[in-house]
Amino acid sequence: MQTSYLRPTYVEIDQEAIYQNVHQEKERLPKDTALFAVVKADAYGHGLLPVARVCRKAGATGFCVATLDEALVLRDAQIVEPILVLGITSVQEAAIAASQNISLTVADEQWLVTATELLDQTPGLPPLAVHLAVDSGMGRIGFTEPDALLATAEFLQSHQAEFDFEGIFTHFATADQVDETYFKQQVAKFKAMVAILPERPHYVHVANSATSLWHTDLVSNLIRFGVAIYGLNPSGTALSEPYPLKPALSLYSELVYVKQIHAGDGVSYGATHIAKQDEWIGTLPIGYADGWLRRMSGMSVLINGQRCQIVGRVCMDQMMVLLPKELPVGTKVTLIGKDGDDEITMQEVADYAHTIHYEIACGLKNRIPRHYLPCRA
Ligand SMILES: *Cc1c(COP(=O)(O)O)cnc(C)c1O
């Protein structure tokens, strides 16, 4: 949800790219496998509602979010498909989730015991759909002991007025790596946990993007398709894509001020850049308060198809670049995306910042306006 409209710095989202990334994956999947689009964190910075609508058009059958609030935004926008909250929700919110037909992740029996009391206080609610999380090695949330899982499944079976046991799932820690040793241990652990259930729920699911791209032979009838929607390779550069993913996000700005400086003149806080001779310096209206990290100093942007270095420290709302010559105010600048024959990818930005593209994408703040290119499909 953007909070700014009137600035020359903007994110452009190619909705057609999102459509293609989802559609191609859907085509590869067995017909009876559901694809839930993971649109948490404002769709990884791409904008929750526009992305959800394109994904639906491309064949997504449901959605995953991180929090109940994110799920409610989808419901308020008349998104009627199944929605699963992947994180732990406060048990106090169980009735809200049930009333809006939002599925919750549950990772211990006590949560259900408390929820039963709360749900019984509100007559007329539909059963709350729950997915039991199994921790097969991610070490984050979920059942690790078969006995506790079995007891919880039995609790659900005996409380069908309150709950609909809709799914069981796990999450892999290393699905994006070349070495499959740990991945295979997790698969074995999850299979053993599922095997002790007296009855399988409607959905059994294990796959994030990396798993669905590179491990297609798993017992599961739903994938949680996340970062690949946005055209980003979940492994960074470690594994190659089975089909070309198309990046959906570009980041643009423009020169708002251009000046010549002379030998000995400094640029930005700390005057870490000192001109050795005459230089043309351009100022861009973007900074670390927009999610363009301070450590991007020294990285390049594209202007007229040419790389220009960010000089001096990145400020909160502005930064400076070294120009090859005097350029007019209003000249377009590409921070992420294509310009001429050159391209700066989200991966390149992430590498420079010593992080992963996920963090760059969802770090781009709401005060950068989002512009949406139409999806003709
Ligand atoms: C975020 C998340 C996903 C999506 O992961 P990607 O790597 O973006 O595909 C899937 N499952 C769970 C449990 C998650 O938290």
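Just follow the structure's listing: the first ligand is 1, and inside any ligand the first atom is 1.
- Of the protein's non-hydrogen atoms, the one nearest atom 15 (O) of ligand 1 is K40 NZ, 2.8 Å.
- Other residues, nucleotides and ligands place no more than 12 heavy atoms under 6.0 Å from the NZ atom of K184.
- Looking at G226 next to ligand 1, an N or O pair under 3.5 Å apart turns up.
- In this structure, atom 9 (O) of ligand 1 lies nearest to the protein heavy atom S209 OG, 2.5 Å.
- For the pair V11 and I368, the tightest heavy-atom approach, listed with the atom from each and the gap, is N-CG2, 3.6 Å.
- Within the 4.0 Å heavy-atom criterion, the part of L86 lying near ligand 1 is the side chain and not the backbone.
- Under the side-chain hydrogen bond (donor to acceptor under 3.5 Å, both in side chains) rule, S136 has a single partner from H171, K189, Q186, K191, which is Q186.
- Nearest protein neighbour of atom 7 (O) of ligand 1, counting heavy atoms only, is Y358 OH, 2.6 Å.
- Protein heavy atom closest to atom 4 (C) of ligand 1, with residue, atom name and distance, is Y44 OH, 3.5 Å.
- The closest approach between a heavy atom of R140 and any atom of ligand 1 is below 4.0 Å.
- At the top of the distance list for atom 10 (C) of ligand 1, counting protein heavy atoms only, stands R224 NE, 3.5 Å.
- With a 4.5 Å cut-off on side-chain heavy atoms, I360 and Q347 do not count as touching.
- Heavy atoms of other residues, nucleotides or ligands lying less than 6.0 angstrom from OH of Y182 number more than 12.
- Side chains of E199 and Q157: a donor on one and an acceptor on the other come within 3.5 Å.
- The shortest contact between atom 13 (C) of ligand 1 and any protein heavy atom is with H171 ND1, 3.6 Å.
- Q110 and T114 form a side-chain donor-acceptor contact under 3.5 Å, judged by distance and modelled atom types alone.
- Taking only nitrogen or oxygen atoms, main chain and side chain alike, F225 does not reach within less than 3.5 Å of ligand 1.
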